[in-house]
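Please read the structure below before turning to the comments.
In this chain, residues are counted from 1 in sequence order. Just so you know, these numbers come straight off a predicted model, no measurement behind them.
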Amino acid sequence: MKVAVFSTKPYDQKYFEQFNESFHHELAFFDTNLNEQTTNLTRDFDVVCPFVNDKLDKQVIELLAKNGVKLIALRSAGFNNVDLNVAEANHIKVTRVPAYSPQAVAEHALALILTLNRKTHKAYNRIKEGNFSLNNLIGFNLYNKTVGVIGTGKIGSAFCQIMLGLGCKVVAYDVKKQPALEDKGVTYMSLEDLYKRSDIISLHCPLMPQTKHLINEDSIALMKDHVMIINTSRGGLIDTEDVIKNLKEKKVGHLGIDVYEQEEQVFFEDKSEQIIEDDALLRLISFPNVLITSHQAFLTDEALKEIAQTVLQNIDDFKNGRSLVNEVKS
């Protein structure tokens with residue numbers, strides 16, 4: 001099938017070309033985002049393969065349908081960027097990659113926690129400049145701290161097990177409990193109780209209308225003073241202005257994010273020679289107790305292999321009329 005891959009980076013092309021040797025699809029790579037202005041590039045293609053910051057709203061999907069696109073093959077687990085109702089109305093199937101090395105994202109969440117806590121990034125920069133002082137590098141033991149995990153799907157479950165291995169008390173909230181996690185020592189509770197009890201809160205839930213701005217002025221007010229908040233899921237889970245206010249007031253002690261509410265304007269691109277016009281992002285960068293990475297939690301060799309293989313298999317299943325095990329429906 002003819003496949004238009006959007007928001008392509010060199011690592012995407014490398015892994016897709018490697019694994020396409022077994023599938024023989026016709027792949028065309030575009031480094032631009034898929035949006036209303038770039039849908040003209042999809043003419044004569046059967047499939048589009050977008051990434052997390054490509055916006056497939058009503059206008060885009062209707063244009064894709066006019067161009068003959070029959071399948072949206074997401075190369076992400078999340079699908080909040082696709083209007084599923086409009087896709088269904090235009091007879092376009094949608095598939096995703098439901099799980100790609102959940103350990104990759106879970107381990108990155110731990111990296112954010114340890115870096116923020118032990119300030120290894122600051123120590124590294126000091127040593128490079130010949131400054132071997134330990135002043136202002138005091139952290140805290142993770143052992144015996146209470147870690148709240150919101151969302152215990154594959155990534156959240158992997159994260160729970162990591163934190164249990166470090167000797168943390170792990171509490172969790174999810175609409176569906178995992179008995180296997182309970183057997184290992186995870187305690188499920190209400191969101192309100194989780195907010196109140198946790199020293200560290202890590203977000204591992206999808207972005208949906210009911211989870212948008214889950215972290216806001218009201219929920220932060222319930223949290224412990226100097227709480228650490230970690231987000232490797234979706235930027236829209238956090239109300240940026242509210243968290244900035246609470247960072248200034250020292251209610252939030254640390255913030256580690258791999259995702260950001262307006263990230264499509266800046267993430268994945270080199271902006272080092274440009275003026276960043278996002279005032280909220282610049283404010284976050286200015287805090288010494290905030291650590292931001294550019295949506296790289298998934299970026300491991302294992303994850304990239306699984307993404308490419310799953311996407312190409314989804315396309316092959318569609319081509320051959322097989323059941324779409326990874327189909328997303330409205």
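The pair K70-D46 meets the salt-bridge criterion, since a charged nitrogen lies less than 4.0 angstrom from a carboxylate oxygen. Between E62 and K58 there is a salt bridge, with a side-chain nitrogen of the basic residue lying less than 4.0 Å from a carboxylate oxygen of the acidic one. A salt bridge links D12 and R75; the closest N-O separation between the charged side-chain nitrogens and carboxylate oxygens is under 4.0 Å. By the 4.0 Å N-to-carboxylate-O rule, K305 lies close enough to D301 to be salt-bridged with it. A salt bridge links K251 with D225: the closest approach of a Lys/Arg side-chain nitrogen to an acidic carboxylate oxygen falls below 4.0 angstrom. Salt bridge present: E261 and K212 bring a charged side-chain N and a carboxylate O closer than 4.0 Å. A salt bridge links K224 to D199: at least one charged side-chain nitrogen sits closer than 4.0 Å to a carboxylate oxygen. The pair K245-E249 meets the salt-bridge criterion, since a charged nitrogen lies less than 4.0 angstrom from a carboxylate oxygen.
Atom CG of residue D242 and atom CG of residue D218 lie 8.0 Å apart, to the nearest 0.5 angstrom. Expressed to the nearest 0.5 Å, how far CG of D258 lies from OG1 of T293 amounts to 3.5 Å. Here the straight-line distance linking atom CG of L64 with atom CG of L71 works out to 11.0 Å at 0.5 Å rounding. A distance of 5.0 Å separates CG of L116 from CG of L291, quoted to the nearest 0.5 Å. Atom CZ of residue F16 and atom CD of residue Q309 lie 10.5 Å apart, to the nearest 0.5 angstrom. Rounded to the nearest 0.5 angstrom, S22 OG and L312 CG are separated by 9.0 Å.
Other residues, nucleotides and ligands contribute over 12 non-hydrogen atoms within 6.0 Å of the CZ atom of R126. Remark: K248 NZ is loosely packed, at most 12 non-hydrogen atoms of other residues, nucleotides or ligands lying under 6.0 Å away. Surrounding NZ of K66 are at most 12 heavy atoms belonging to other residues, nucleotides or ligands under 6.0 Å away. Few gaps surround CD1 on I127; more than 12 heavy atoms of other groups in view lie less than 6.0 Å from it. Residue K14 places its NZ atom among 12 or fewer non-hydrogen atoms of other residues, nucleotides or ligands, all under 6.0 Å distant. Surrounding NZ of K93 are at most 12 heavy atoms belonging to other residues, nucleotides or ligands under 6.0 Å away. Atom CD of Q274 sits in a crowded spot, with more than 12 heavy atoms from other residues, nucleotides or ligands closer than 6.0 Å. Within 6.0 Å of the NZ atom in K154, the count of heavy atoms belonging to other residues, nucleotides or ligands does not exceed 12.
Partner of T232 under the side-chain contact (heavy atoms from CB on, under 4.5 Å) criterion, out of I257, L112, L203: L112 alone. Here the options are N40, T39, D44, T42, the test is side-chain hydrogen bond (donor to acceptor under 3.5 Å, both in side chains), and the partner is N67; only T42 passes.
Taking the six-membered ring where the residue is Trp, the centroids of F268 and F51 are separated by under 6.0 Å.
Looking only at side-chain heavy atoms (C-beta outward), I244 and F287 come within less than 4.5 Å of each other. Contact check for M228 versus S202: no side-chain heavy atoms found under the 4.5 Å cut-off.
With no hydrogens or angles considered, a side-chain donor-acceptor pair links Y188 and T152 at under 3.5 Å.
Considering every non-hydrogen atom in both L142 and L110, the closest pair reads CD1-CD1, 4.4 Å. The two atoms that bring E302 and S101 nearest to each other are CB-OG, 4.3 Å, heavy atoms only. Considering all non-hydrogen atoms of both residues, E241 and A280 come closest at OE2-CB, 3.8 Å.
In this structure, the side chain of N320 does not engage the main chain of R322 through any donor-acceptor pair within 3.5 Å.
Criterion: ILVMFWY side-chain heavy atoms under 4.5 Å apart, direct or through other members. Under it, M223 and I150 are part of a common hydrophobic cluster. In this structure, L194 is not a member of the same hydrophobic cluster as V186, with clusters built from ILVMFWY side-chain heavy atoms closer than 4.5 Å. Hydrophobic clustering keeps F140 apart from I201 (ILVMFWY residues linked when any side-chain heavy atoms are closer than 4.5 Å, directly or through intermediates). Both L74 and F30 belong to a common hydrophobic cluster when Ile, Leu, Val, Met, Phe, Trp and Tyr are linked at side-chain heavy-atom distances under 4.5 angstrom. When hydrophobic clusters are built by joining Ile, Leu, Val, Met, Phe, Trp and Tyr residues whose side-chain heavy atoms come closer than 4.5 Å, directly or via intermediates, I92 is grouped together with F45.
The aromatic rings of Y260 and F267 sit tilted relative to each other, their planes meeting at an angle between 30° and 60°. In this pair, F23 and H25 present their aromatic rings parallel. The plane angle is below 30°, not in the 30 to 60° band.
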Decide yes or no on side chain to side chain contact (heavy atoms under 4.5 Å, CB included) for V170 and T187, but give the supporting numbers first. CA-CA 7 Å; V170 179; T187 302; over 6 Å; no

